[in-house]
Amino acid sequence: MTKLRAPLTNELAPQIDERAIQRIWSGVQRRRGGSWFAERRSGSVWLFGLAGAVLSCALLIAGWHWYGASTSGPNAASVQAAGPLLARSGGGLSVLGGAPASSQELSDGSAITLDAGSRLEVLENTAKTFVSVLRRGRGTFAVRPGGPRRWTIEAGLATVEVVGTRFSVTRAPGSVEVSVEHGVVLVRSDLIQDRVQRLTAGQHLIIHEPLPELPAAASAASMVGPSTPALAPSAAHSSAPPSLSELLDQADARRRRGDVRGAETALRAALAAHGSDPQAALAAFTLGKLLLDMAGRPGEAATAFARCLSLSPPSALAEDALYRLAEAQARAGDSDAAAATARQYRARYPHGQHERELKRWVGED
Amino acid sequence: MSPAAIFRDLGVFAVQSRSGRGTGLIRLESPQEPSDSELARRISRGERWAEEAFYRRHVTHVVGLAQRLLGNFADAEDVAQETFTTAFEIWHQLRDYERARSWLSQIAVRKVHRKFRKRRILRLLGLDQGLDDLPLEALARDDTSAEIRSELILLDAVLKSLSAKSRIPWMLRYVEGLPLEEVAAQCDCSLATAKRRVASAHRLVSRQVKMGEVGDD
């Protein structure tokens, strides 16, 4: 596990541009210009405060009554906010699409349009969530902003989370494309950089399934938009069998790009083809780290660290590998194995640099 | 007197005046920009140009702070707008002009607290979507490694589970790197309370994320 260094603000950058700076300033001026009572604050702040409180209470009570009344009518939109989404016509939603193109308006004002031959299945439909899976084809979603539901669209290689927007998802064999017309969506996938990408209006993201063989054109997620550069394609195809260091470089490049599966494939290929190479221990260690830290598969990570230790790694790497093995075993729920590995670590490295973290993983903290 | 003339008086060369829609802002590009205390003094005298210059100098800091604490783009903009509006309205309460930035942060943190309270009420009424579009991971610099990003994702998940009372002090300490005394001041609580809240949040965070101490290399 990489240690985060405080203060974290050194790793972060505010998202603000000139337009936002101007927008906020206009807002400040508007508020100040509009708040005529601000000039008189000192003399009558309590009077205004009291009047404001009374007004707020009245509005709250009125709003509450309105809310209650509006949810009691059978056709009120807010009825739908309290229950599942329905078709505007009143019917339930389970499977949408078919041979002809179709369009479905929903009870909250949102709409789903499917191209001919597309199929969308609704997995979960409640007052708070609307989860669907696009089995095939292309769907265009116009989600009403500010609604109470969190929309999620599964599309095989990627999951799209919606913040209130209009966007389309196209699922084809081996690829998924997400295009945003308005608003913001979050796309999550193991195949994109950092496993999550925020798309705004005008941007689109294409995710390709990784090719099974190495060296491959590799999985590539390319993003096109007004302000985002396209991600670089992966390494070029080579006719000669790749060396261990080439495969390690390839894995590294893919890992940096967030292509976890591609990096894993490259590392496994390195171990399979160059298992007796002195650097193979490093490949096994890197694989373990990738599986533990990025893929969330501690059981397989433990196997990789154990393999690393069996390949006579250099001493500095061996200490790290033994510690990470204990961590992976603990995270996989195998506390007995983790405790045994920890004992082994302490026997070999009585003043080991990972002693403090080790205690945490074996529950001695 | 025009802003450009005032800057000339101060020995400052205002090189560009932007005039977008609405009010234009003065872009200061001189190494001899007036200090915060000079700007604060001029704001106290009612010089509106100084407000613009002060705003321009600190808006990125305030927006960044609000984005990190709230994890939401639109809410952070609201907080920044409210912070500057309030600051200029109660400017007469600023005693130490040298500490104008810290005072501004304090106002921003109060607004963030208020935003969290509003969210809680909206959630109780079932009117909050609860979808934050700007987690720490999304704020990571372009050159941040994938390992750090994956840790930030874990951290975001832990922070989401914390109450605002614990989350804000912890973030001021470990994300912003403020000393505990400053955390207490910004959260309007005693030092002992700030310490307790930071420590209790840190225990929860440490279970999931490996986190160094402030200033620990």
Side-chain angles (χ1 to χ4, degrees), chain A residues 1-16 18-32 35 38-39 41-42 64 67 81-82 127-128 146-150 161-164 184 186 193-196 198 255-258 260 289 293-294 296 357 360 365, chain B residues 18 20-23 25 52 55-56 59-61 63-65 67-68 73 77 80-82 84-85 88-89 125-131 133-134 136-142 144-153 155 173-178 206-207 209-217:
Chain A
M1 202 191 318
T2 308
K3 190 175 182 178
L4 289 175
R5 194 180 296 175
L8 280 179
T9 190
N10 296 333
E11 295 285 346
L12 309 171
Q15 289 197 1
I16 182 167
E18 186 58 33
R19 279 176 59 202
I21 290 173
Q22 294 281 351
R23 194 167 54 238
I24 297 169
W25 179 244
S26 301
V28 171
Q29 288 199 305
R30 205 168 42 245
R31 281 169 186 243
R32 298 198 67 208
S35 60
E39 304 294 332
R41 255 182 118 98
S42 54
W64 186 259
Y67 186 73
K128 293 257 173 91
R149 288 177 196 80
R150 181 174 180 144
E161 287 175 16
V162 182
V163 183
V184 179
L186 300 179
Q193 192 167 12
D194 309 316
R195 290 179 287 171
V196 62
R198 182 172 182 270
R255 184 181 54 77
R256 277 201 300 272
R257 214 172 45 229
V260 178
K289 224 164 146 273
D293 296 340
M294 295 183 77
E357 295 89 351
R360 186 156 65 97
D365 223 3
Chain B
R18 286 183 64 91
R21 264 189 245 164
T23 310
L25 286 172
E52 291 182 7
Y55 164 79
R56 167 70 71 174
V59 64
T60 307
H61 164 70
V63 169
L65 175 67
Q67 285 180 344
R68 291 187 289 273
F73 195 82
E77 271 199 21
Q81 207 175 90
E82 290 166 12
F84 282 101
T85 306
F88 293 138
E89 280 176 4
L125 296 171
L127 298 172
D128 181 41
Q129 283 190 91
L131 189 60
D133 56 3
L134 212 56
L136 293 176
E137 184 266 333
L139 288 169
R141 284 199 324 251
D142 288 345
T144 301
S145 68
E147 287 90 345
I148 297 284
R149 282 174 184 273
S150 65
E151 290 298 307
L152 288 175
I153 288 174
L155 178 59
R173 176 75 180 138
Y174 286 93
V175 178
E176 304 301 318
L178 298 184
S206 303
R207 281 186 202 156
V209 184
K210 202 166 150 187
M211 188 85 210
E213 286 299 320
V214 179
D216 173 19
D217 287 326

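These values consider heavy atoms only, across backbone and side chains, with no hydrogens, waters or symmetry-generated copies. Proteins come first, then strands; the chains are lettered A, B, ... in the order of their sequence lines, and each starts at number 1.
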To the nearest 0.5 angstrom, please state how far the [atom1] atom of [X] sits from the [atom2] atom of [Y].
X        : Y         : atom1 : atom2 : result
His61(B) : Thr9(A)   : NE2   : OG1   : 9.0 Å
Arg31(A) : Glu89(B)  : CZ    : CD    : 9.5 Å
Leu8(A)  : Glu151(B) : CG    : CD    : 10.5 Å
Arg23(A) : Glu77(B)  : CZ    : CD    : 4.0 Å
Gln29(A) : Phe84(B)  : CD    : CZ    : 12.5 Å

Name the region of [X], side chain, backbone, both or neither, that has any atom closer than 4.5 Å to a heavy atom of chain A.
X        : value
Leu65(B) : neither
Gln67(B) : side chain
Phe73(B) : side chain
Arg68(B) : side chain

Closest heavy-atom contact between [X] and [Y]?
X        : Y         : result
Gly64(B) : Pro14(A)  : CA-CB, 3.5 Å
Thr85(B) : Val28(A)  : OG1-CA, 3.7 Å
Leu12(A) : Leu136(B) : CD2-O, 3.4 Å
Ala6(A)  : Met211(B) : CB-CE, 3.9 Å

**Request:** Could you tell me whether a side-chain N or O of Tyr55(B) sits under 3.5 Å from a main-chain N or O of Trp25(A), the two making a donor and an acceptor?
**Result:** yes
Margin query: What I'd like to find out is whether the side chain of Gln15(A) reaches to under 4.5 Å of the side chain of Leu139(B), using heavy atoms alone.
Written below: yes
Does any part of the side chain of Glu176(B), heavy atoms only, come nearer than 4.5 Å to the side chain of Pro7(A), both counted from C-beta?
no
The side chain to side chain donor-acceptor pair (under 3.5 Å) partners of Glu357(A) (sequence neighbours excluded) come to none
Arg19(A) meets the side chain to side chain donor-acceptor pair (under 3.5 Å) criterion, sequence neighbours left out, with none
